[in-house]
Visitor: 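After the structure tokens below, expect a handful of questions from me.
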Amino acid sequence: MKITPYNLKKAVRYLKNYGFREFWIRLREKGEPENISYEDYRQKMVVSEEALAAQRKQADRWKEKPLLSCVILVSSRETSLGETWEEQMKRQSYASWELLLADTPDEGIEQAKGDYLVFVDEGDSLAPEALYELAVAIREPNRVRQSGVHWQRSEGKPDLLYTDEDCQNRAGLFKPDYDPEWLAQECYMKHLCCVRREIAQECSEPGMNLESLVRAVAASVPAEKIFHIPKVLYHCAMPYRMQLGQAEDRPVVADTPLISIIIPNKDEMDTLRTCIESVKRSSYPAYEIIIVENNSTRQDTFDYYEELQSKNHNISVVTCKLEQGFNYSFLNNYGVSFAKGKYLVFLNNDIEIITTDWLERMYAQCSRMDVAACGARLYYPDDTIQHAGIMVAVGGHARGIGANMCLGMPRQECGYMGRAARRQSMSAVTAACMMMRTEVFHQVGGFTEELAVAFNDVDLCLKVRKAGYRIVYEPAVEAYHYESKSRGQEDTPEKVRRFQQEIEYMRTTWNDIMREGDPYYNPNLTRVRSDYSLGGISQK
């Protein structure tokens, strides 16, 4: 950041409004380099010969040394580096391994004597510390630093481990922790893949390829037994080719339970009309709309309410008068008290739905027993991305609480590893357009009303996640978001003070995830920007 009179003036104003603590956090964010090349990262993270020697000494002192059976899926004993596999493996800092060559995983499994099997594709290579890192995770799983906080802790040894990787040492693939949504579309966990031998034997079938084996293992073990080591320990010889699952032409739903759509509103009749008309184009037949009226003053707004209710049997208006100003959480909780649906949709009045079968697509996700909520892909009117899921403990305007990912990216782009266009699990999605099972909403206590404006959707989603459910971002559901037209900006001392209190609430209530990070993110990526670029939180 350049020091200019304008920037100094902004800094003084920021310090006055937000205090020294927030000013210091913002200053540190501004100080992070905007672009870190993968080559710079790779050079920084290379483990020195001294460190490798220290790993060998430490492993030699271990009483428990898990034997790792390294199954190389090759037809030749030579690697792409022009050396034999034996020569490459001898550079490993962990010595308790056996080397097996096989055409298919099941052939390697039949030969293996080790506690765990490590699978490597032909032509690829391992970082010299790779087996040591796997052995550490196997011996002391509770000390492994995954990508973020895990509220469901594992007991005992892991069943499946995987790591980050790079392609030809030129591009790093920094992955999330275990996500069944992502795995269904792309087997992102196969490099570097390590499986407990007993589990591999149970799941293996003759001729099964590595991707099928990984998916079978992941489906057969508890999620907390799947470990991600967020370090680049595998070097892939072939360029990365992104795979995205194809969305169904039309989701098939076995039944059509009632869905209650909650829309808080204050005046903004034209904005509300656009929203309502877009909802009415929905192909799903069984829904009700509950408009939560909040201190409107214009007569044409009330005239529109009358028109809606007289012409649409499934639209009702309920009045909620708030004396203390806008409170998004209270308004939505109030609206839910009138809802009859098995599923809830929280919808801002400044949303225009694009996808006609949006309710079918969101219901298809939320009707799964392990999924409680689903979010949409939202655009600004200029066709740039406003929301592609929320990562918690990432900076942006909220300074470390949470950020809308891929913000400002052109609509047609997929983003890093396809994350803007990929159906995936998220720790949070925006309640500007979110579906949730009604029973789960009540189970976790609904929206926290102390969070009047900011972070209430993040807080709700984290309560849902901590209760053991998943949240899915569904990019096939698209909408325009004209964003907060009626609420305005944080431009008064009262609003600034309220915003600071809400930040403090989130930091206090969710200190563990704010500190340890989001499990669907990666600690090697920046916590300042929302573009999945490399940052200053990498680890050796």
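Reckoned from all heavy atoms, side chains included, excluding hydrogens, waters and symmetry mates.
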Visitor: What's the spacing between Lys113 NZ and Leu117 CG if we round to 0.5 Å?
Guide: 12.0 Å
Visitor: So, Arg56 side chain and Ala95 main chain: donor-acceptor pair closer than 3.5 Å or not?
Guide: no
Visitor: Compute the centroid of each ring, for Trp151 and then for Trp510, and state whether the two points are separated by less than 6.0 Å.
Guide: yes
Visitor: In this structure, which one of Val345, Val464, Ile471 forms a side-chain contact (heavy atoms from CB on, under 4.5 Å) with Met436?
Guide: Val464
Visitor: Flag the pair Lys225 and Glu155 as a salt bridge only when some basic side-chain nitrogen lies within less than 4.0 angstrom of an acidic carboxylate oxygen.
Guide: no
Visitor: Does the plane of the ring in Phe447 sit parallel, tilted or perpendicular to the ring in Phe346? Use 30° and 60° as the thresholds.
Guide: perpendicular
Visitor: Do you see a donor-acceptor pair shorter than 3.5 Å between the side chains of His228 and Thr163?
Guide: no
Visitor: Give the ring-plane orientation class for Tyr363 versus Tyr343, where under 30° counts as parallel, over 60° as perpendicular and anything between as tilted.
Guide: perpendicular
Visitor: Less than 4.0 angstrom from a charged side-chain N to a carboxylate O is my criterion; do Asp164 and Lys175 meet it?
Guide: no
Visitor: Going by atom types only, do Asn404 and His387 share a side-chain donor-acceptor pair under 3.5 Å?
Guide: no
Visitor: Give, for atom CG of Leu460 and atom CZ of Arg465, the distance between the pair rounded to the nearest 0.5 Å.
Guide: 13.0 Å
Visitor: For the residue pair Gln185 and Arg423, confirm or rule out a side-chain donor-acceptor distance under 3.5 Å.
Guide: no
Visitor: For residues Asp124 and His235, is any side-chain donor paired with an opposing acceptor at under 3.5 Å?
Guide: no
Visitor: For Gly172, is there any backbone N or O sitting under 3.5 Å from a side-chain donor or acceptor partner on Asp166?
Guide: no
Visitor: Is there a donor-acceptor contact under 3.5 Å linking the side chains of Gln43 and Glu39?
Guide: yes
Visitor: Quiz question: by atom type and distance under 3.5 Å, do the side chains of Asp106 and Ser204 form a donor-acceptor pair?
Guide: no
Visitor: Just wondering, more than 12 heavy atoms not from Lys157 lying within 6.0 Å of its NZ?
Guide: yes
Visitor: Give, for atom CG of Asp459 and atom OG1 of Thr448, the distance between the pair rounded to the nearest 0.5 Å.
Guide: 3.5 Å
Visitor: Over 60° means perpendicular and under 30° means parallel, so classify the ring planes of Tyr94 and Trp62, tilted if in between.
Guide: tilted
Visitor: Using only heavy-atom distances, determine whether the side chains of Arg470 and Ser425 contain a donor-acceptor pair under 3.5 Å.
Guide: yes
Visitor: Cut-off 3.5 Å, side chains only: do Asp179 and Tyr520 have a donor facing an acceptor?
Guide: no
Visitor: What I want to find out is whether Arg368 reaches Glu181 closely enough, with some N-O distance under 4.0 Å, to be called a salt bridge.
Guide: yes
Visitor: For the residue pair Ser93 and Glu129, confirm or rule out a side-chain donor-acceptor distance under 3.5 Å.
Guide: no
Visitor: In terms of side-chain geometry, is the basic nitrogen of Glu87 or Lys90 positioned less than 4.0 Å from the acidic oxygen of its partner?
Guide: no
Visitor: Between Glu211 and Lys190 (salt bridge meaning N to carboxylate O under 4.0 Å), is one present in this structure?
Guide: yes
Visitor: Are a donor atom and an acceptor atom from the side chains of Tyr416 and Asp531 found within less than 3.5 Å of each other?
Guide: no
Visitor: Measure the acute angle between the ring planes of Tyr188 and Trp182, then classify it against the limits of 30° and 60° as parallel, tilted or perpendicular.
Guide: tilted
